[in-house]
Amino acid sequence: MKLSILLFCLGFLSVLGSCKQDKVVPLMENCNVLVSYQESIEPLILNSCGTSGCHAVGGTPPVLTNYNQISVNSQNILVRMQLDPTNVQLMPFGGPKLADSIIQNFECWIEQGTLDN
C-alpha cells in the first residue's frame with residue numbers, strides 16, 4: 001500500500017513538472033543538429049538587439065551588429081536571455097522573455113563553438 005502511494009505521488013509530481021511552456025531539454029540531448037549562425041543566431045540578435053537601437057553603433061554597449069561582436073559577447077548574451085522576466089536586465093529589454101527553444105538554440109551555438117557558418 002505504501003509503495004502504491006509513493007508511486008502515485010511520484011507520478012503526480014512528474015506530471016506537474018512537465019507542464020512548463022516550451023520545456024528545455026538538457027543541452028547534450030538537444031544539440032545534435034549544427035546551429036547556423038547566418039540562419040538562426042544573426043537574425044535573432046540583429047532583430048532583437050543590434051538593429052533595434054539598443055546595441056547598435058551609438059547605442060548601449062556592447063555593440064552587437066556583426067559576428068565578432070556577437071561571438072565575443074555570447075556568454076553574457078545568454079545570461080541576459082536566461083534571467084527571470086521580472087529582472088530589469090532581462091534581454092531583450094522591455095520585451096517578453098524569449099522562448100526557451102530560442103534560448104536553447106543560442107546555448108547550442110555556444111556549445112558548438114560559436115561557429116561563423
Side-chain angles (χ1 to χ4, degrees):
M1 181 66 176
K2 289 181 183 180
L3 181 59
S4 297
I5 293 171
L6 177 63
L7 291 174
F8 173 78
C9 290
L10 289 174
F12 182 72
L13 289 174
S14 69
V15 168
L16 286 178
S18 67
C19 293
K20 293 180 181 176
Q21 180 185 4
D22 201 3
K23 188 175 180 181
V24 174
V25 177
L27 184 61
M28 296 313 289
E29 294 178 22
N30 200 33
C31 290
N32 52 4
V33 175
L34 189 62
V35 177
S36 168
Y37 170 77
Q38 291 179 349
E39 292 177 16
S40 298
I41 305 305
E42 184 178 44
L44 165 68
I45 299 300
L46 294 182
N47 291 330
S48 299
C49 315
T51 59
S52 64
C54 294
H55 294 288
V57 175
T60 305
V63 174
L64 301 173
T65 58
N66 63 50
Y67 168 76
N68 288 332
Q69 296 161 340
I70 294 167
S71 63
V72 165
N73 290 287
S74 61
Q75 288 294 334
N76 188 40
I77 295 168
L78 179 62
V79 168
R80 300 296 184 164
M81 288 179 179
Q82 294 173 325
L83 289 172
D84 183 290
T86 60
N87 189 309
V88 295
Q89 295 179 340
L90 171 72
M91 297 296 148
F93 182 75
K97 183 176 185 198
L98 296 172
D100 288 342
S101 59
I102 293 172
I103 296 170
Q104 178 71 47
N105 196 46
F106 192 84
E107 189 171 7
C108 287
W109 177 67
I110 293 171
E111 181 71 21
Q112 295 168 357
T114 63
L115 300 175
D116 186 6
N117 54 352

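Fair warning: this is a prediction, and the values are worked out from it, not measured in the lab.
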Interatomic distance, [X] atom [atom1] to [Y] atom [atom2] [nearest 0.5 angstrom]:
X	Y	atom1	atom2	value
Met91	Ser48	CE	OG	11.5 Å
Gln38	Leu115	CD	CG	11.5 Å
Ile70	Leu44	CD1	CG	8.5 Å
Leu34	Glu39	CG	CD	10.0 Å

[X] vs [Y] side-chain heavy atoms within contact, under 4.5 Å:
X	Y	answer
Leu98	Pro92	yes
Pro62	His55	yes
Gln75	Ile110	yes
Leu90	Lys97	yes

### Message
So, using side chain to side chain contact (heavy atoms under 4.5 Å, CB included) as the criterion, who are the partners of Ser40 when residues are at least two apart?
### Response
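Scan of Ser40 (side chain to side chain contact (heavy atoms under 4.5 Å, CB included), adjacent residues dropped) gives Val35, Asn105.
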
#### Entry: Test side chain to side chain contact (heavy atoms under 4.5 Å, CB included) applied to Pro43 - qualifying residues, sequence neighbours left out
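Pro43 satisfies side chain to side chain contact (heavy atoms under 4.5 Å, CB included) with Asn47 only.
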
### Message
Using a 4.5 Å cut-off between side-chain heavy atoms of Ile, Leu, Val, Met, Phe, Trp and Tyr, which other residues end up in the same hydrophobic cluster as Val33?
### Response
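None; Val33 is a cluster of one.
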
### Query
Can you name the nearest heavy-atom pair linking Val63 to Ala56, along with the distance?
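For Val63 and Ala56, the tightest heavy-atom pair comes out as CG2-O, 3.9 Å.
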
### Message
Checking Gln112 now: which residues fulfil side chain to side chain donor-acceptor pair (under 3.5 Å) with it, not counting sequence neighbours?
### Response
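Expected list: none.
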
### Message
Count I, L, V, M, F, W, Y as connected when their side-chain heavy atoms are under 4.5 Å apart, and connections chain through other members. Are Ile41 and Leu64 then in the same cluster?
### Response
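Yes, because Ile41 and Leu64 connect within a single hydrophobic cluster, where side-chain heavy atoms sit under 4.5 Å apart.
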
### Task
Look only at the side chain of Gln69 and the backbone of Thr65, and say whether a donor-acceptor pair between them is shorter than 3.5 Å.
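Confirmed, Gln69 side chain pairs with Thr65 backbone.
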
### Task
Kindly say whether Ser71 contributes a backbone atom to a donor-acceptor pair with the side chain of Thr114 at under 3.5 angstrom?
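Not confirmed, Thr114 side chain does not pair with Ser71 backbone.
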
### Query
Should the SG of Cys31 and the SG of Cys108 be checked, would they turn out to be under 2.5 Å apart?
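Yes, the SG atoms sit under 2.5 Å apart.
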
### Message
Give me each pair satisfying ring pair (Phe, Tyr, Trp, His ring centres under 6.0 Å) with a member in residues 98-117, each pair once, sequence neighbours excluded.
### Response
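Qualifying pairs, neighbours excluded: Tyr37-Trp109, Phe106-Trp109.
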
Solution key, residues 80-87 side-chain donor-acceptor pairs under 3.5 Å, sequence neighbours excluded:
residue: Arg80; atom: NH1; partner: Gln89; partner atom: OE1; Å: 2.9
residue: Asp84; atom: OD1; partner: Thr86; partner atom: N; Å: 2.7
residue: Asp84; atom: OD1; partner: Thr86; partner atom: OG1; Å: 2.5
residue: Asn87; atom: OD1; partner: Gln89; partner atom: N; Å: 2.7

